[in-house]
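Have a look at the structure below before the remarks.
Only heavy atoms go into these numbers, but all of them, side chains included; no hydrogens, no water, no symmetry mates. Numbers for residues simply follow the sequence, beginning at 1.
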Amino acid sequence: MDAVLSAKGIAKSYGRGDSAQNIINGFDLEVDQGAFVSLVGPSGCGKTTLLMILSGLLSPDSGQIFFKGKAVKQTPHGLAVVFQDYSRSLLPWKTNIENVLFGMRRVVGLDERQKRDEAERILQAVGLSGFEKHHPWQISGGMQQRVAIARGLASQSELLLLDEPLAAVDAQTRADMQDLLRDLARKFKQTCVLVTHDVDEAVYMADRVLVLGPRPTKVVRDITVDLPKDRDQISTRESPSFLAARHEVLSLIRSMRKQPSPQ
C-alpha cells in the first residue's frame with residue numbers, strides 16, 4: 001500500500017540558546033491508505049505540536065512531511081484537522097449545519113441538497129438533531145466539539161488528523177463517538193491519525209498505536225493492534241488481544257514516567 005502521510009527526520013524546538021526546549025527530534029512516520037493510527041505518550045511529550053507539524057500548520061526546524069508523495073509546505077487539499085480547541089475552530093457567525101457544510105465545500109459528486117442531507121445525517125449521528133440551526137455559542141462545549149467532529153467527518157478528506165477530539169464529552173457519548181468515527185472513516189475511506197491521552201481509546205480505535213517517548217519525542221514502539229475491523233465496546237475491550245495491547249502501551253508509558261526527561 002502507498003503511504004498517504006510520511007514524516008522523515010522531523011525536529012522542532014522552542015526558544016533560543018540556553019532556554020531552548022527541544023520538543024521533537026528524529027521523528028519518522030509512514031501511514032498507509034485507509035489506516036487508523038493512534039499516537040500516545042507521556043504528558044507534555046509534544047503530541048499536539050507533532051500533529052500541527054504533520055498538518056502543515058507548523059513548520060519543523062528540520063525534516064520533511066509528505067502527503068501523497070508531495071512535500072507539505074502548508075495544509076494541503078485533502079487533509080482535514082479536528083482541533084482540541086474546538087471553540088476557536090468553529091465559525092461563530094455560522095449555524096451548526098453551516099459549519100458542517102463549510103467543511104464540505106470541496107466535496108465533489110454531491111449537489112447542495114445532497115450535501116445538506118448528509119450534513120443533517122452526520123449531525124444526527126453525533127447527537128445534535130434539533131440543533132442544526134443553533135450557532136456554536138448557543139450550545140455547550142461538549143456539543144461544540146461534536147459539531148467540530150461532524151465537520152471533520154463530513155469533509156470526506158483523504159486524511160483526517162484528530163487532536164484529542166473526544167476529551168470534552170461524557171463517557172457514554174465518548175464510546176458512541178468512537179464507534180461513529182471508525183464507521184464513518186471506513187465509509188469515506190479516510191486515513192486517520194488520532195492524538196489521545198486515553199490508552200484504551202488509542203487501542204480500541206486504531207490499527208497501529210505509536211508510543212512516543214518523553215521530550216525530545218520520537219517513536220519508542222510501533223504496535224500493531226491485532227483486532228478485527230468490526231469492533232464492539234464490550235466484547236472487543238474484553239478480548240485477550242485488546243488487553244495485551246493495552247498492557248504493552250500502559251507499561252511503556254508508565255516506565256517512561258519514571259525516567260527523567262533529557263535536557
Side-chain angles (χ1 to χ4, degrees), residues 1-7 27-48 50-51 54 82 84 125-127 146 149 152-153 159-214 217-259:
M1 298 178 69
D2 296 329
V4 174
L5 178 69
S6 299
F27 179 85
D28 298 308
L29 171 69
E30 285 205 355
V31 181
D32 290 334
Q33 174 71 44
F36 201 121
V37 177
S38 293
L39 303 180
V40 295
S43 179
C45 72
K47 297 186 290 294
T48 294
L50 179 58
L51 200 74
L54 295 177
V82 177
Q84 184 178 8
V126 300
R146 282 183 266 169
I149 292 168
L153 290 168
L159 176 62
L160 186 59
L161 304 181
L162 303 143
D163 184 15
E164 299 196 32
L166 306 179
V169 298
D170 63 85
Q172 183 55 58
T173 302
R174 186 170 189 146
D176 293 341
M177 292 294 293
Q178 288 168 354
D179 291 333
L180 178 69
L181 277 168
R182 280 188 53 84
D183 290 346
L184 291 182
R186 289 174 65 185
K187 175 185 175 181
F188 297 138
K189 299 180 180 178
Q190 289 175 310
T191 303
C192 297
V193 177
L194 168 71
V195 164
T196 179
H197 65 278
D198 186 323
V199 172
D200 286 36
E201 179 173 87
V203 174
Y204 182 80
M205 298 286 285
D207 310 309
R208 292 164 59 201
V209 177
L210 302 187
V211 182
L212 307 180
T217 198
K218 59 182 179 181
V219 177
V220 173
R221 193 168 299 175
D222 186 341
I223 299 170
T224 299
V225 178
D226 185 20
L227 290 169
K229 292 292 185 183
D230 293 326
R231 300 181 188 180
D232 175 77
Q233 290 286 344
I234 298 176
S235 60
T236 297
R237 290 174 184 269
E238 293 175 344
S239 70
S241 295
F242 177 88
L243 295 173
R246 178 181 183 272
H247 177 84
E248 184 176 3
V249 175
L250 275 173
S251 298
L252 278 169
I253 293 175
R254 288 178 65 87
S255 67
M256 287 186 286
R257 285 174 181 166
K258 298 176 182 178
Q259 302 172 7

Quick one, Ile234 with Glu238, criterion side-chain contact (heavy atoms from CB on, under 4.5 Å). Give me CA distance, side-chain angles, the key distance, then yes/no.
CA-CA 6 Å; Ile234 298 176; Glu238 293 175 344; 3.8 Å; yes
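- Shown are Val31, Val4, Leu210, Asp163; of these, the side-chain contact (heavy atoms from CB on, under 4.5 Å) with Val193 is made only by Val31.
- With sequence neighbours excluded, the residues forming a side-chain contact (heavy atoms from CB on, under 4.5 Å) with Asp28 are Lys8, listed by chain and number.
- Looking at heavy atoms from C-beta onward, Val225 lies out of side-chain contact with Arg208 at the 4.5 angstrom threshold.
- Between Arg146 and Asp176 there is no salt bridge, since no side-chain N of the basic residue sits under 4.0 Å from a carboxylate O of the acidic one.
- Ser255 places a side-chain N or O within donor-acceptor distance of the main-chain N or O of Leu252, the cut-off being under 3.5 Å.
- The distance from atom CG of Leu29 to atom OG of Ser6, rounded to the nearest 0.5 Å, is 7.5 Å.
- Under 3.5 Å, the side chains of Asp179 and Tyr204 contain a donor-acceptor pair of N or O atoms.
- In this structure, Val82 and Gly152 approach most closely via the heavy-atom pair CG2-CA, 4.0 Å.
- Side-chain atoms of Arg182 come within 3.5 Å of backbone atoms of Met205 as a donor-acceptor pair (strictly under, hydrogens ignored).
- Remark: the backbone N or O of Phe36 is paired with a side-chain donor or acceptor of Asp207 at under 3.5 angstrom.
- Across every non-hydrogen atom of Cys45 and Lys47, the tightest pair is SG-CG, 3.4 Å.
- Put simply, the side chain of Ile253 reaches to within 4.5 Å of the side chain of Val211, judged on heavy atoms.
- Contact between Val209 and Ala206 at its shortest, heavy atoms only, is CG2-CB, 4.3 Å.
- Here the CG atom belonging to Leu160 is positioned 5.0 Å from the SG atom belonging to Cys192, to the nearest 0.5 angstrom.
- The distance from the CZ atom of Arg231 to the OG atom of Ser239 is 9.0 Å, given to the nearest 0.5 Å.
- A donor-acceptor pair is defined here as one N or O able to donate and one able to accept, closer than 3.5 Å; no such pair exists between the side chain of Glu30 and the backbone of Ala3.
- Taking each heavy atom of Leu212 and Met256 in turn, the nearest pair found is O-CE, 3.3 Å.
- Here CG of Leu5 is found 7.0 Å from CG of Leu161. Values are rounded to the nearest 0.5 Å.
- You'll find the side chain of Leu50 reaches within 4.5 Å of the side chain of Leu39, heavy atoms only.
- The CG atom of Leu181 sits 9.0 Å away from atom CD of Gln190, with the distance rounded to the nearest 0.5 Å.
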Let me check something: any side-chain donor-acceptor pairs from residues 194-203 under 3.5 Å, sequence neighbours excluded? List them with distances.
| unit_1 | atom_1 | unit_2 | atom_2 | d |
| --- | --- | --- | --- | --- |
| Thr196 | OG1 | Asp198 | N | 3.0 |
| Thr196 | OG1 | Glu201 | OE1 | 2.8 |
| His197 | ND1 | Glu164 | OE1 | 2.8 |
| Asp198 | OD1 | Asp200 | N | 3.0 |
| Asp198 | OD1 | Glu201 | N | 3.0 |
| Asp200 | OD1 | Arg246 | NE | 2.6 |
| Asp200 | OD2 | Arg246 | NE | 3.3 |
| Glu201 | OE1 | Arg174 | NH2 | 3.2 |
| Glu201 | OE2 | Arg174 | NE | 2.9 |
| Glu201 | OE2 | Arg174 | NH2 | 3.3 |
| Glu201 | OE2 | Gln178 | NE2 | 2.9 |

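- From Asp226, atom CG reaches atom OG1 of Thr224 across 8.5 Å, with rounding to the nearest 0.5 Å.
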